[in-house]
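Just below is one structure, and these are the notes that go with it.
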Amino acid sequence: MSETGIELNHTIVHSRDRWAAARDVASVLGLPEPTAYGPFAVVGLAHGLSLDFMDDAGQISSQHYAFLVGEDDFDAIWSRIREQGRTIWADPFRHQPGEINTHDGGRGLYWEGPDGHHLEIITRPYGGGETDS
């Protein structure tokens with residue numbers, strides 16, 4: 001548990017097709033096949049956190065999901081993104097296509113996930129070091 005005793009346990013990700021969206025995210029991140037829990041397709045992450053994908057026939061508002069990953073995982077995820085021909089950006093505003101950022105001495109990139117959600121991988125948390133791009 002965190003110092004405060006409070007941890008994020010799960011979040012619901014609205015999608016047109018929960019299984020397709022959950023499988024897409026799990027595949028890109030190199031995670032196991034999603035599991036079923038009630039109306040959700042669940043993608044398990046570290047520390048017991050999960051993304052719980054739910055079907056939604058209404059308007060889906062784009063959300064941002066950032067994943068802290070190790071250097072080897074970053075390389076593997078970036079490779080899968082390139083293999084799939086997806087566009088990446090170094091910034092959330094999509095002003096730097098095809099680039100990664102090196103904020104705080106780490107690496108980061110954004111890509112568009114299922115249903116327009118903005119996905120990000122970073123190798124260092126933001127806010128603790130130098131920013132050079």
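Of the possible donor and acceptor atoms, none in the side chain of T123 sits under 3.5 Å from a partner among the backbone N and O of V69. Counting only distance, with no hydrogens or angles, the side chain of S50 and the backbone of V42 share no donor-acceptor pair below 3.5 Å. At distances below 3.5 Å, at least one donor-acceptor pair connects side-chain atoms of D91 with backbone N or O atoms of F93. When atom types are taken as modelled, the side chain of R107 and the backbone of N101 share no donor-acceptor pair closer than 3.5 angstrom.
Contacts of R94 classified as salt bridge (Lys or Arg N to Asp or Glu O under 4.0 Å), with partners at least two apart in sequence or in another chain: E112. The side chain to side chain contact (heavy atoms under 4.5 Å, CB included) search around I122 returns L68, E120, Y126, not counting sequence neighbours. Remark: D55 engages R18 in a salt bridge (Lys or Arg N to Asp or Glu O under 4.0 Å) (not counting sequence neighbours). Applying the salt bridge (Lys or Arg N to Asp or Glu O under 4.0 Å) criterion to R86, with sequence neighbours excluded, gives D24. Residues satisfying the ring pair (Phe, Tyr, Trp, His ring centres under 6.0 Å) test with H117, not counting sequence neighbours, are Y65. With sequence neighbours excluded, no residue satisfies salt bridge (Lys or Arg N to Asp or Glu O under 4.0 Å) with D17.
Atoms CH2 and CG, from W78 and D73 in turn, are 15.0 Å apart once rounded to the nearest 0.5 Å. Rounded to the nearest 0.5 angstrom, I121 CD1 and F67 CZ are separated by 10.0 Å. The line from CZ of R82 to CH2 of W111 is 13.0 Å long, rounded to the nearest 0.5 Å.
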Query raised in the report: When you look at V13 and Q63, which way does the side chain to side chain contact (heavy atoms under 4.5 Å, CB included) test go after all the steps?
Result: CA-CA 8 Å; V13 181; Q63 298 295 315; over 6 Å; no
**Report entry** Working for side chain to side chain contact (heavy atoms under 4.5 Å, CB included), residues I81 and L109
**Finding:** CA-CA 10 Å; I81 290 169; L109 65 81; 3.8 Å; yes
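Follow the hydrophobic side-chain contacts under 4.5 Å out from L119 and you reach L31 in the same cluster. Linking Ile, Leu, Val, Met, Phe, Trp and Tyr whenever their side-chain heavy atoms come within less than 4.5 Å puts L29 and L8 in one cluster.
Two residues are said to be in side-chain contact when any heavy atoms from C-beta on lie closer than 4.5 Å; D115 and H14 fail this criterion.
Relative ring orientation between F40 and Y37 is described as parallel, the plane-to-plane angle staying below 30° on a 0-90° scale split at 30° and 60°.
Residues F53 and A22 come closest through the heavy atom pair CD1-CB, 3.5 Å. In plain terms, the two heavy atoms of V28 and R80 that are nearest each other are O-NE, 2.7 Å.
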